[in-house]
Amino acid sequence: MLDLNFIREQPEVLRKALTDRQMDSSVVDNVLSLDTERRALLVKVETLKAQRNSVSKEISQTKDAALKQEKILAMRTVGDEIAALDESTRSVEEKLQALLASIPNIPDPSTPVGIDESENVVLRTEGEIPVLDFTPLPHWELGPKLGIIDFDRGVKLTGSRFYVLNGAGARLQRALIAWMLDLHSRQGYEERYTPFMVKAETLYSAGQLPKFVDNLYHDIEEDLWMVPTAEVPLTGMYRDEVLEEASLPQRFTAYTPCFRREKMSAGRDVRGIKRGHQFDKVEMYIYCKPEESMRELEKMLADGEETCKLLGLPYRVKRLCTGDLGFNSVITYDLEVWAAGCGEWLEVSSVSNVGDFQARRANIKYKPEDGSRNRLVHTLNGSGLGMPRTMIAVLENNQQADGSIRVPEVLRPWMGGIEIIR
RNA sequence: GGAGAGGUAGCGCAGUCCGGCCUAACGCGCCCGCUUGGAAAGCGGGUAUACCGCAAGGUAUCGUGGGUUCGAAUCCCACCCUCUCCGCCA
């Protein structure tokens, strides 16, 4: 959520941001007029309340019964007026909040302006794309052939876009998770194990509600929501808290499954395990001071890149353009790894600085050591890589002519002696 | 799920029966000053957040949401959370 004062003072900056994001900027005028209306109402109602408070005090001290009765009657009228004005204020505020909650963050000025993902900018490509002397299979053929991915039984259990991992396949995913958590710990992130179900308020804090309600699984009975990413509990963790300045930056890593309805039609983009309704992910998350957030963003990106490098995966770094930038984000880098079998770059990580956007919604501040007033923290999030797609790249890039798969060196300690999946 | 006890400003607590001197006491912690060679102790002062207002100042918040009232931490209703015991259970 943006600062209302900021919108009031620099509406043109927001208008430009919305236009750059390929969105309608007329919402700005609605915000401004509601804000004006709200303040006018506040002045009125607060004057009346001040009057009521002071007269009520007088009433308690008035001895003369007739005079007392007179004052009570007068205040009865004032009370009715206050009730009516309170109601109008509440309704205006509700509208204003709903509007504010629907406005995305301001992209950093350095963000390339573009219509959609086709205008994202590739910053660099690292690692060698493997040259194979045979035709590599895509994982949706490789997996069933090796007996490590069972699509049919996933569908049988739950429905389309679900699968079962078998034996070395399940173990490989578990190895990736354990290895990544350990790696991020070494990189300075503290591990957290969080609930996988949260309340609506927590999703609101992270900016997932109300906007992305269609993409979430919801238990009506208990009114709990399945997390779409660990970013949600990691943001909500400090909701309504004030952190000590000396404790910042605080860096966390967490493994969670992620649940997304993704009501998109089947097709090329969802083939295999690329885009399931349930997938595992290891997340990186940072709380820091505003002046630190750009530096932390670069650190997080480097940490994500290290993950790819150590796995031996060729990858490229993309800078998202205004048209593709996420709702919360100021700057986003995407990491894409090359998958030899499907022959495409797969997005495995999105590393974003969201500035104070989530912190304002979640009300997360820190107490400056110089005694000045509490300030909002900045938050950053990044995937320490999404599992299925990382698995895809590991499987497809390390396949050998006989259809077996070499397990990357770094994962072997977690593979119980399995070096080749065959 | 059942019974009981609780939720008050950073923490601990008082206040709630019986509405208005609550502008929320008191203690601890923390900050500033005095004192000191320096410190402790002692003494004095300060110590929530948000919003409105150029300002003076005002408004709101005692778990949350409603209600009664001129006036609610206090009375009424609903809900949430924590603790103890019981039940159930990996």
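Quick caveat, the model's predicted, so the values are computed rather than measured. The chains referred to below are lettered A, B, ... by the order of the sequence lines, with proteins before strands, and numbering in each begins at 1.
Within the nucleic acid shown, A:Lys49 comes within 4.0 Å of sugar-phosphate atoms alone, with no base atom in reach, counting heavy atoms only. At a threshold of 4.0 angstrom between heavy atoms, the contacts of A:Leu42 are confined to the sugar-phosphate backbone, with no base atom among them. Across all strands, A:Lys57 comes closer than 4.0 Å to base atoms (heavy-atom distances). Using a 4.0 Å heavy-atom distance criterion, A:Arg8 is classed as a sugar-phosphate-only contact.
With rounding to whole Å, A:Lys68 atom NZ is found 14 Å from B:G71 atom P. Atoms CD1 (A:Ile82) and P (B:A72) sit 10 Å apart, rounded to a whole Å. Summarising the geometry, the separation between CD on A:Gln61 and C1' on B:C70 is reported as 14 Å, rounded to the nearest angstrom. Rounded to whole Å, the distance from CG on A:Asn374 to C1' on B:C51 is 16 Å. Note: NZ (A:Lys367) to P (B:U47) measures 13 Å, nearest angstrom. In this structure, the CD atom of A:Glu201 is 19 Å from the P atom of B:C79, given to the nearest Å. In this structure, the CD atom of A:Glu70 is 15 Å from the P atom of B:C70, given to the nearest Å. Counting to the nearest Å, the P atom of B:A50 and the CZ atom of A:Arg375 are 13 Å from each other.
A donor-acceptor contact closer than 3.5 angstrom links the side chains of A:Glu298 and A:Tyr333. With 3.5 Å as the limit, one finds no donor-acceptor pair spanning the side chains of A:Thr235 and A:Glu231.
Summarising the local packing, NZ of A:Lys44 is surrounded by 12 or fewer heavy atoms from other residues, nucleotides or ligands at distances under 6.0 Å.
The separation of B:A41 from B:U36, taken at their C1' atoms, amounts to 11 Å, rounded to a whole angstrom. The same atom, C1', is picked in B:G12 and in B:G1; the two are 34 Å apart, to the nearest Å. As rounded to the nearest Å, B:G19 and B:C70 have P atoms that lie 15 Å from one another. The C1' atoms of B:C22 and B:U8 are separated by 11 Å, rounded to the nearest whole Å. Distance check on atom C1': B:G71 versus B:A14 gives 23 Å, rounded to whole Å. If you take atom P in B:A60 and the same atom in B:U23, they sit 11 Å apart, rounded to whole Å. As rounded to the nearest Å, B:C32 and B:C80 have C1' atoms that lie 41 Å from one another. One C1' atom belongs to B:G87, the other to B:U47, and the distance between them is 48 Å to the nearest Å.
Side-chain nitrogen and oxygen atoms of A:Arg76 include none within less than 4.0 Å of the OP1 or OP2 phosphate oxygen of B:U69. Residue A:Arg38 places none of its side-chain N or O atoms closer than 4.0 Å to OP1 or OP2 of B:C51. Side-chain N/O atoms of A:Asn53 include one lying less than 4.0 angstrom from OP1 or OP2 on B:U59.
Of the candidates B:G71, B:U49, B:G58, the closest approach to any side-chain atom of A:Glu46 belongs to B:G58. Distances from the side chain of A:Lys365 to the nucleotides B:C70, B:G53, B:A50 place B:A50 closest. Closest approach to the A:Ser56 side chain among B:G58, B:A50, B:G20 is made by B:G20 (side chain taken as heavy atoms from C-beta onward). Which of B:A60, B:C70, B:A50 sits closest to the side chain of A:Met75 comes down to B:C70.
Under the Watson-Crick or G-U wobble criterion, with both distances below 3.5 Å, B:C88 has no partner in any strand shown. In this structure B:A48 sits in a base pair with B:U61, meeting the Watson-Crick or G-U test at under 3.5 Å. B:C17 is unpaired under the Watson-Crick or G-U wobble criterion, no partner having all donor-acceptor distances under 3.5 Å. Applying the Watson-Crick and G-U wobble criteria (two distances, each under 3.5 Å), B:A56 pairs with nothing in any strand. Remark: B:U82 base-pairs with B:A5. Criterion, Watson-Crick or G-U wobble with two distances under 3.5 Å. Base pairing of B:U23 is not made with any nucleotide, judged by Watson-Crick or G-U wobble geometry with both donor-acceptor distances under 3.5 Å. Base pairing annotation: B:A41 forms no Watson-Crick or G-U wobble pair, as no partner gives both donor-acceptor distances under 3.5 Å. Applying the Watson-Crick and G-U wobble criteria (two distances, each under 3.5 Å), B:U69 pairs with nothing in any strand.
With respect to A:Arg251, the salt bridge (Lys or Arg N to Asp or Glu O under 4.0 Å) criterion is satisfied by exactly one of A:Glu292, A:Glu296, A:Glu190: A:Glu296. Put simply, the residue from A:Glu244, A:Gln250, A:Glu245 that forms a side chain to side chain donor-acceptor pair (under 3.5 Å) with A:Ser247 is A:Gln250.
In terms of position on RNA chain B, the residue among A:Ile72 and A:Val43 whose nearest nucleotide sits closer to the 5' end is A:Val43. Both A:Arg373 and A:Lys199 lie near RNA chain B, and the one whose nearest nucleotide falls closer to the 5' end is A:Arg373.
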Practice item. Test A:Leu376 against A:Asp3 for side chain to side chain contact (heavy atoms under 4.5 Å, CB included), laying out the working first. Key: CA-CA 11 Å; A:Leu376 293 167; A:Asp3 182 6; over 6 Å; no
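In this structure, the side chains of A:Val407 and A:Asn398 stay at 4.5 Å or more apart for every pair of heavy atoms.
Looking only at distances, no side-chain donor or acceptor of A:Asn120 sits under 3.5 Å from a matching main-chain atom of A:Leu320.
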